[in-house]
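Here is the structure we will look at.
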Number of protein chains: 2
Amino acid sequence: MDTKPAMHLTIGAVAKRTGVGIDTIRYYEREKLLPAPRRRPSGYRDYDAATVERLRFIRRAKQLGFTLDEIRDLLALSADRERGVKSVKLRAQARLGEVEARIRELQRVKRGLAQLIDACPGHGPLERCPILRALGEENDA
Amino acid sequence: MDTKPAMHLTIGAVAKRTGVGIDTIRYYEREKLLPAPRRRPSGYRDYDAATVERLRFIRRAKQLGFTLDEIRDLLALSADRERGVKSVKLRAQARLGEVEARIRELQRVKRGLAQLIDACPGHGPLERCPILRALGEENDA
DNA sequence: CTTGACTCTGGACCACGCTCCGGGGTTTAG
DNA sequence: CTAAACCCCGGAGCGTGGTCCAGAGTCAAG
């Protein structure tokens with residue numbers, strides 16, 4: 001907990017520390033995921049450590065599958081003391097539900113594919129390939 | 001197996017029979033997923049039953065998560081007698097591998113979310129919300 | 001014949017999340 | 001001082017898979 005004296009970082013330095021590209025950082029600023037930073041007399045953006053934290057937050061939320069819209073929400077909520085926690089938990093639960101639904105959907109797809117592959121001899125006339133047959137069949141799944 | 005006499009279908013009729021939109025059918029034609037159909041003297045596209053089949057094939061392949069590029073491949077292979085079957089099976093296996101990888105990835109995400117949700121009380125100060133804390137933490141997962 | 005539903009074309013536009021470009025100004029190492 | 005490396009901005013472009021539009025021609029029912 002040393003007193004860091006503001007830490008003047010250029011956008012490039014922030015990019016290096018976070019692994020987020022320069023263009024992406026500017027994009028996040030346009031998209032209101034990052035506040036507009038202070039500027040040096042030259043016009044250069046002048047970042048502090050908090051921005052680096054915020055970018056890491058964004059990166060991790062993205063890894064959990066949140067969209068930028070959702071992350072913007074999370075960031076807003078995390079600035080809203082008291083009311084924030086409940087909402088953040090709800091958002092996370094909603095996201096979990098979506099992830100679970102997507103997994104179920106993919107497992108359905110996986111079963112369909114696996115069945116076809118099992119049944120396919122891998123050689124011989126096309127007419128006997130169950131993959132093509134299934135894809136072409138009349139009945140709508 | 002009655003001898004169907006060519007079946008003259010307009011694009012709208014095909015759309016109705018397949019559930020694929022008119023604009024989408026024309027898009028598939030541009031993208032070489034469908035052959036350019038015969039034309040009536042008026043210039044109207046004139047489809048037969050085979051196109052309807054082909055569109056259903058495309059729809060089902062899409063449901064299995066194939067991209068349009070992959071479907072174009074599958075369609076080409078399904079016209080290649082003998083060599084086709086082996087390749088089709090390989091494509092399906094590759095697709096299965098991708099689906100499985102995606103499921104594993106989502107399960108990783110799901111575990112991460114579920115842990116955070118379990119640990120979050122859902123109320124109280126933000127400082128104690130493990131969701132926000134985890135997203136903001138220094139260590140890179 | 002009229003009316004309304006259909007079809008034609010080329011091209012613009014959408015979401016999403018970046019990524020790159022040109023033409024300039026700034027900063028820093030040597 | 002110079003050259004390299006950095007930064008600024010506005011705007012275009014990418015990939016995927018469509019969707020929508022205007023303006024003009026066609027077809028079928030009444």
Side-chain angles (χ1 to χ4, degrees), chain A residues 7-48 51-52 54-75 95 98 102 109, chain B residues 7-48 51-52 54-75 95 98 102 109:
Chain A
M7 262 191 106
H8 293 286
L9 297 169
T10 62
I11 195 169
V14 172
K16 219 163 267 169
R17 275 165 181 70
T18 59
V20 176
I22 288 177
D23 283 342
T24 305
I25 294 173
R26 286 196 282 242
Y27 170 71
Y28 286 169
E29 183 181 329
R30 281 199 295 285
E31 296 297 311
K32 313 288 186 198
L33 288 156
L34 294 177
R38 273 177 285 118
R39 298 298 184 121
R40 296 188 187 173
S42 61
Y44 280 25
R45 287 172 179 79
D46 196 0
Y47 293 103
D48 54 23
T51 304
V52 173
R54 205 173 166 98
L55 275 167
R56 289 192 174 139
F57 180 107
I58 293 170
R59 258 198 7 178
R60 273 184 284 272
K62 267 170 54 64
Q63 282 167 12
L64 291 178
F66 288 95
T67 64
L68 295 189
D69 268 6
E70 291 166 335
I71 295 170
R72 197 178 3 249
D73 273 11
L74 286 175
L75 286 166
R95 176 74 202 132
E98 288 164 17
R102 183 69 183 137
V109 166
Chain B
M7 263 191 106
H8 294 286
L9 298 169
T10 62
I11 195 169
V14 171
K16 218 163 269 169
R17 273 166 182 71
T18 58
V20 176
I22 288 178
D23 283 342
T24 304
I25 294 173
R26 287 195 282 243
Y27 171 70
Y28 285 170
E29 182 181 330
R30 281 200 295 285
E31 295 297 311
K32 312 290 186 198
L33 288 155
L34 295 177
R38 273 176 285 119
R39 297 297 184 122
R40 295 188 188 172
S42 61
Y44 280 25
R45 288 173 179 77
D46 197 0
Y47 292 103
D48 55 22
T51 303
V52 173
R54 205 172 164 100
L55 274 167
R56 289 191 175 139
F57 181 107
I58 293 171
R59 258 200 5 180
R60 273 184 285 271
K62 265 171 54 64
Q63 282 168 12
L64 291 178
F66 288 96
T67 65
L68 295 189
D69 268 6
E70 291 166 336
I71 295 170
R72 198 177 3 249
D73 273 10
L74 286 175
L75 285 166
R95 177 72 201 132
E98 288 163 17
R102 183 69 183 138
V109 166

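Residue numbers begin at 1 in each chain, while the letters A, B, ... track the order of the sequences.
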Can you find a heavy atom in the side chain of [X] that is under 4.5 Å from one in the side chain of [Y]?
X: A/Arg59; Y: A/Thr18; value: no
X: B/Arg40; Y: B/Thr10; value: yes
X: B/Ile58; Y: B/Leu75; value: yes

Original post:
Hey, is B/Arg95 close enough to B/Glu98 for a salt bridge, meaning N to O under 4.0 Å?
Top reply: yes
Subject >> Protein proximity profile, nucleotides 18-30 of chain D - base contact B, sugar-phosphate-only contact S, no contact -, cut-off 4.0 Å on heavy atoms >> reply: BBB----BBS---
**OP:** Step by step, work out the side-chain contact (heavy atoms from CB on, under 4.5 Å) result for B/Asp48 and B/Arg38.
**Re:** CA-CA 9 Å; B/Asp48 55 22; B/Arg38 273 176 285 119; 3.9 Å; yes
**OP:** Before giving the answer on side-chain contact (heavy atoms from CB on, under 4.5 Å), spell out for B/Tyr47 and B/Val52 the whole-Å C-alpha distance, their side-chain angles and the decisive distance to 0.1 Å.
**Re:** CA-CA 8 Å; B/Tyr47 292 103; B/Val52 173; 6.0 Å; no
**OP:** Rounded to the nearest 0.5 Å, what's the gap from CD on A/Glu70 to CG on A/Leu64? Could you check?
**Re:** 11.0 Å
**OP:** Dump the intermediate steps for side-chain contact (heavy atoms from CB on, under 4.5 Å) on B/Lys62 and B/Leu68, then the final yes or no.
**Re:** CA-CA 8 Å; B/Lys62 265 171 54 64; B/Leu68 295 189; 3.9 Å; yes
Roughly how many Å is it from [atom1] in [X] to [atom2] in [N], rounded to a whole number?
X: A/Glu29; N: D/dC8; atom1: CD; atom2: C1'; result: 12 Å
X: B/Lys32; N: D/dG17; atom1: NZ; atom2: P; result: 17 Å
X: A/Arg45; N: D/dC6; atom1: CZ; atom2: C1'; result: 13 Å

Subject >> Contact interval (first through last nucleotide) of DNA chain C with protein chain A, 4.0 Å heavy-atom >> reply: C/dG17 to C/dT27
